[in-house]
Amino acid sequence: MMDLTNEIEQHYEDMVAIRRHMHMHPEVSFEEENTKRYIYEQIKDLGYDIRQDVGGNGIVARLHVSDDYKTVGLRADFDALPIQDEKDVPYRSTNPGVMHACGHDAHTAMLITAARILAAHKEELPVNVVLIHQHAEELLPGGAKVMIEDGALEGVDYVFGTHVSSLYPVGTLSYTYDYAFASADAFSIEIEGQGGHGAEPHEAIDPVVAAASLIQQMQSIVSRTIDPLKSAVVTVSTFNGGSSFNVIPNTVEISGTIRTFEKEVKERVRQRIEGIIRGIESSFDVKCHLKYTDGYPALLNDNGQLDHTLNVLKDASYVKTCEENPPSMGGEDFSYFLQERPGCYFYTGVRNTDIDADQPHHHPLFDIDERGMKAGVEALVKIVTGFEE
């Protein structure tokens with residue numbers, strides 16, 4: 001019979017070593033060549049049927065227990081960010097301008113540790129297990145979609161994942177029923193006018209004034225188009241055009257992001273942007289060129305599988321608190337997995353202000369209290385072992 005608490009303690013130092021190795025040797029999205037080899041070396045002798053280069057740099061490892069059992073997938077991402085690591089720690093990034101500023105090193109360390117524990121107790125498991133080590137979560141189009149297209153979910157019945165969070169203290173699991181993350185779309189609009197002298201605006205077609213009106217009108221989309229009981233964000237975050245105080249430029253470009261949950265809200269926002277653009281063209285005699293990029297879809301948890309997760313953690317040793325929280329307008333490409341299979345995604349707390357593990361994600365000083373990884377491993381293993389045969 002598995003003594004999970006004892007198993008986690010026995011593996012803890014190795015888990016920390018894995019996390020710190022990855023933290024010292026980060027690689028950005030779609031360039032994780034050394035990282036994928038390192039992960040393979042950690043799991044190659046555990047008895048999993050391993051497939052490499054799934055959808056690019058992804059790895060899928062399958063532990064078959066019985067043809068009569070369901071199959072549970074566990075996912076961890078492993079790419080880093082183009083951020084300079086400014087921490088003064090022994091495991092600081094050795095790759096200039098690249099660091100694990102979002103905790104993907106911890107995700108990988110937790111999944112490898114869970115893989116070792118599950119493999120050692122294979123005959124006790126009530127399900128088959130698939131480990132999904134995913135590349136390129138941080139950069140569109142993301143690794144999840146292409147891994148799924150390359151068969152990562154073949155034979156998988158349920159899929160689960162977790163993300164460490166510096167918002168929640170060690171021992172806290174944070175969850176959200178229904179929608180947990182928004183779709184994260186991007187747009188850019190080039191406003192094409194006709195340049196001229198700033199002292200003679202009547203001889204020009206001013207794209208700056210047109211762009212300013214466009215931005216102002218876009219701010220009415222949420223307040224005057226979207227049901228106030230639903231959520232949407234329209235943010236214009238860049239405005240680029242012109243190079244001199246007395247010259248009207250030929251073009252101006254603006255860009256930003258759209259965040260929504262429901263598909264119909266997303267489509268309505270896009271339709272309104274297109275309608276406003278047509279009005280701007282007519283009003284200001286400019287031409288507008290819209291580039292709209294569909295980002296990761298909204299992440300919709302399966303409430304039944306979330307209940308399963310919470311139920312198996314009622315007697316947990318390291319997960320002390322399960323805290324329900326509202327959905328986030330952030331994006332997460334685990335949503336692609338949940339579009340295909342029931343499952344859920346939750347946060348594992350790693351915050352500890354006493355050791356400066358409280359900086360926001362994507363910050364050059366981001367770090368974690370590594371003891372929080374114990375709760376993450378506990379959750380992943382209990383999700384698997386808590387299924388009924």
Side-chain angles (χ1 to χ4, degrees), residues 22 26-65 67 69-81 100 102 104-105 107-112 114-115 118-119 127-163 181 183-186 293-302 305 331-345 380 383-384:
M22 291 190 61
E27 294 176 304
V28 296
S29 305
F30 299 105
E31 299 179 17
E32 313 97 335
E33 296 295 329
N34 292 322
T35 304
K36 70 179 183 182
R37 285 192 285 268
Y38 176 76
I39 294 170
Y40 174 76
E41 289 296 320
Q42 302 306 308
I43 64 175
K44 68 177 183 178
D45 298 323
L46 298 179
Y48 289 81
D49 180 12
I50 301 174
R51 185 172 162 228
Q52 301 182 73
D53 298 324
V54 180
N57 291 327
I59 299 172
V60 174
R62 300 176 181 272
L63 186 67
H64 182 264
V65 182
D67 289 340
Y69 290 172
K70 296 288 188 179
T71 299
V72 174
L74 303 175
R75 174 268 205 174
D77 39 15
F78 58 76
D79 55 326
L81 286 155
H100 275 289
C102 202
H104 296 187
D105 50 347
H107 302 169
T108 303
M110 291 189 296
L111 188 56
I112 290 173
L118 293 169
V127 293
N128 305 306
V129 179
V130 172
L131 312 176
I132 303 170
H133 287 281
Q134 184 206 310
H135 63 299
E137 188 277 332
E138 296 286 2
L139 185 65
L140 290 173
K145 188 172 186 293
V146 289
M147 287 190 70
I148 292 168
E149 292 169 350
D150 199 12
L153 288 177
E154 183 177 345
V156 173
D157 297 292
Y158 307 98
V159 63
F160 298 84
T162 186
H163 199 302
F181 293 91
S183 61
D185 298 345
T293 302
D294 290 305
Y296 303 150
L299 189 152
L300 179 61
N301 279 323
D302 180 278
Q305 297 311 311
E332 165 59 59
D333 80 343
F334 188 75
S335 55
Y336 285 114
F337 292 108
L338 292 180
Q339 283 187 330
E340 301 295 328
R341 301 290 188 274
C344 72
Y345 196 67
L380 294 175
I383 285 169
V384 170

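What you see is a predicted model, and the numbers here were worked out from it, not measured in a lab. Hydrogens, waters and symmetry mates play no part in the numbers below; they use all other heavy atoms, side chains included.
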Compare all side-chain heavy atoms of D157 with those of V127 and state whether any distance is below 4.5 angstrom.
-> no

For N34, side-chain hydrogen bond (donor to acceptor under 3.5 Å, both in side chains) partners two or more places apart = E27, R37

Report yes if the side chains of V159 and Q305 come closer than 4.5 Å at any heavy-atom pair, otherwise no.
-> no

Partners meeting ring pair (Phe, Tyr, Trp, His ring centres under 6.0 Å) with H100 (sequence neighbours left out) = none

Closest contact, heavy atoms only, L140 versus G295 = CD2-CA, 3.7 Å

For S29 and E138 the tightest heavy-atom approach is OG-CB, 3.6 Å

Is there a salt bridge (Lys or Arg N to Asp or Glu O under 4.0 Å) between D302 and R341 once you walk through the steps?
-> CA-CA 9 Å; D302 180 278; R341 301 290 188 274; over 6 Å; no

Min side-chain heavy-atom separation V129-V72 under 4.5 Å | no

Quick one: ring pair (Phe, Tyr, Trp, His ring centres under 6.0 Å) partners of F337, sequence neighbours excluded?
-> F334

When rounded to the nearest 0.5 angstrom, what is the spacing between CD1 in I383 and OG1 in T162?
-> 8.0 Å

Any I132 side-chain heavy atom under 4.5 Å of L153 side chain = yes

Which atoms form the tightest heavy-atom contact between A136 and D333, and what is the distance?
-> O-OD2, 4.1 Å

If we ignore angles and hydrogens, is there a donor and acceptor under 3.5 Å between the side chains of Y345 and E332?
-> yes

For P141, which residues count as a side chain to side chain contact (heavy atoms under 4.5 Å, CB included) partner, sequence neighbours excluded?
-> F30

Taking S335 for the side chain and P297 for the main chain, is one N or O donor matched with an acceptor at less than 3.5 Å?
-> yes

Got a sec, which residues hit salt bridge (charged side-chain N to carboxylate O under 4.0 Å, His left out) with D185, two or more places apart in sequence or on another chain?
-> K266

List, one per line, each side-chain donor-acceptor pair under 3.5 Å for residues 42-50, sequence neighbours excluded.
unit_1 : atom_1 : unit_2 : atom_2 : d
Q42    : OE1    : R116   : NH2    : 2.9
K44    : NZ     : E41    : OE1    : 2.9
Y48    : OH     : A115   : O      : 2.9

What residues form a salt bridge (charged side-chain N to carboxylate O under 4.0 Å, His left out) with D79, not counting sequence neighbours?
-> none

Name of the residue among H163, H104, H133, H135 meeting side chain to side chain donor-acceptor pair (under 3.5 Å) with D77 = H104

Side-chain contact test, heavy atoms from C-beta onward, threshold under 4.5 Å: evaluate it for L338 versus L300 and give yes or no.
-> no

Roughly how far, to the nearest 0.5 Å, is CE of M22 from NE2 of H107?
-> 10.5 Å

Please name all residues satisfying side-chain hydrogen bond (donor to acceptor under 3.5 Å, both in side chains) with N301, sequence neighbours left out, ordered by chain then number.
-> none

With K145, which residues qualify under salt bridge (charged side-chain N to carboxylate O under 4.0 Å, His left out), at least two apart?
-> E149

What pairs with E32 under side-chain hydrogen bond (donor to acceptor under 3.5 Å, both in side chains), at least two apart in sequence or on another chain?
-> N57

With sequence neighbours left out, write down each residue that passes salt bridge (charged side-chain N to carboxylate O under 4.0 Å, His left out) with E154, or none if nothing qualifies.
-> none

Mind checking the CG-CG spacing from L380 to L111? Nearest 0.5 Å is all I need.
-> 6.5 Å

Can you find a pair of side-chain heavy atoms, one from L81 and one from C102, that are under 4.5 Å apart?
-> yes

One should read off an interatomic distance between I59 CD1 and I39 CD1, to the nearest 0.5 angstrom, of 5.0 Å

Just jot down the side-chain hydrogen bond (donor to acceptor under 3.5 Å, both in side chains) partners of T108, sequence neighbours excluded, or say none.
-> none

Does R75 reach the side chain of E137, with side-chain heavy atoms less than 4.5 Å apart?
-> yes

